[in-house]
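Below you'll find the structure, written out as structure tokens, and then a few comments.
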Amino acid sequence: MALRVYNTLTGSKEEFVPINPGKVGMYVCGVTVYDHCHIGHARANVVFDMIYRYLQAKGLDVTYVRNYTDIDDKIINRANRDGVPYNEISERFIHEFDKDMARLMLQLPTFQPKATEHIPEIIALVERLIEKGYAYASGSDVFFRVDRFEGYLKLSKRNLEDMQAGARIEVDEKKEHPMDFALWKGAKPGEPYWESPWGQGRPGWHIECSAMSSKFLGDTFDIHGGGKDLIFPHHENEIAQSEAASGKPFVKYWLHNGFVNINSEKMSKSLGNFFTIKEVLERYDAEVLRFFLLSAHYRSPIDFSDQNLKESELGLERIYNALAGIDERLAAGTDHAPTEESAELDEKCRSIATRFSEAMDDDFNTAMALGHVFDLVRSINRALPVSPLELLSRVKQEIASIAATLGVCDSVPAEYLQRMKDRKTSEMEIPVEEIEALIAERAEARKAKNFKRSDEIRDLLLEKNIVLLDSAQGTTWKVK
RNA sequence: GGCGGCAUGGCCAAGUGGUAAGGCAAAGGACUGCAAAUCCUUCAUUCAUCGGUUCAAAUCCGAUUGCCGCCUCCA
């Protein structure tokens, strides 16, 4: 089945046909590096990482470009506030971004260009726009002439008149039209600058993405992605700049991810209701966060809450429990002839790859894909004790292949479960030695059939969120 | 004011014309000395409301209500 993607430009799902067969050029707007990333950034980046992985899994040769916008008003403001050079801020937060993304297990893009390393390309692009009459210098600034570009607002599907009616646009004497936007900004005293034909200045927001995308992917490429909030003005302006300059279509498929909400409201810096990735990872495993972000379709809003994260944690644990069970049987090495239950598992195992790719082919429906995984998990649990080892190895392989695409369930099961236990253990108020002493005492009591004392100890520990697990091999424990 | 999106069981969440996936929670049962995990069973005759199209609609059309987003920096 062919991959279908929802294209913001056309407002509908379309079959994905690469411009050059077998190859995909994909550009995703990265971050403006002036602060720590929040989980909204985490979602956007995890989503496009998943898309990148899936396209590769389909055998496509993907060139993935994700930029750093490392010069911008907000960076300058932050630098002024902190009394440090602007590049100290940008370099610091590039480093922090990289660390966050690594913890979220993102694959590295093919290229991660920086705006400040492409100033000559940016200046050349602005000059070209001026030559073609799409831009004009005004003082030391250069603006894009929006009413000159015919397709302006075709992505966000608005028109200039309506935009102005209720808009809060500050009147700028230097602009011909209130909606014109800056391609180049003259430097005020004390601001960082580069030499240009219009004097000392810096690039405006938007132009760096046009310059860098064409450098790495050409004038026309397949996929451009980002958060929904970038549709206007950022992506609209990119289209205007790039298509005006090249005279060619800019992007074939525009993909936009939905927001992370807090109590159904958009999480954002300006509202102040945001959690940084680092804050969340103090309380939840990175894989849990990733699983949570992929548990809804990428275009839907997703509500961030403790309860939802806890659910993801439980769901992921359910999958890992099943995988750990497979590992244990494989390690034990005791084979079993096929049974009715194993036949059902065999059937599920044979169809899982198809069901997974059908879900993913439908505009990257990870929620449905995970549903299929859970379905397989139940079959695993049902058939685990009575399945041939050969079947269990195949199941393991199928899941590993899915896991590699989603970037979840990719850990060694026993290690994941241990990691979760360690994380919870570190939050306990009762020392491990005390738990073990109580377990030893309980073992004695149980041996003497003193179940009253045995249950007292179980209840005592349960109050502290410790659950005892009895088995033939003895008693272990876990944190509730 | 303009434009756009969403509304599915207690919660989360798939499902864009063919008769409601999956997860969490809950209840009963099996297993266990008791538990945990796991398995089995139950859990939306119904998809915000009202009309319409159709043999057939959660899915298409219209209206209403509610929530959200963009129009200003924002993933």
Quiz item: [X] side-chain donor-acceptor pair to [N] base, under 3.5 Å:
X: A:R446; N: B:G33; answer: yes
X: A:S454; N: B:G33; answer: yes
X: A:R158; N: B:C70; answer: yes
X: A:R442; N: B:G33; answer: yes
X: A:R458; N: B:A35; answer: yes
X: A:N159; N: B:G2; answer: no

One pair to check against ring-ring contact (aromatic ring centres under 6.0 Å, His included): A:Y253 and A:H224. What are the steps and the verdict? CA-CA 6 Å; A:Y253 304 99; A:H224 193 130; over 10 Å; no
Does A:K13 count as lying over the ring of A:Y6, i.e. NZ or CZ under 6.0 Å from the six-ring centre, within 45 degrees of the axis?
-> no
Base, sugar-phosphate or nothing for A:N381? Non-hydrogen atoms, less than 4.0 Å. sugar-phosphate
Check: What does A:G258 touch in the nucleic acid at a heavy-atom separation under 4.0 angstrom: a base, only the sugar-phosphate, or nothing?
Finding: base
Pair A:F250 and A:F221, ring centroids less than 6.0 Å apart: yes
The side chain to side chain contact (heavy atoms under 4.5 Å, CB included) partner of A:M360 among A:N365, A:L406, A:L3 is A:L406
Point to revise | Face-to-face contact A:F374 to B:G22 six-ring, under 5.5 Å, under 30° | key: no
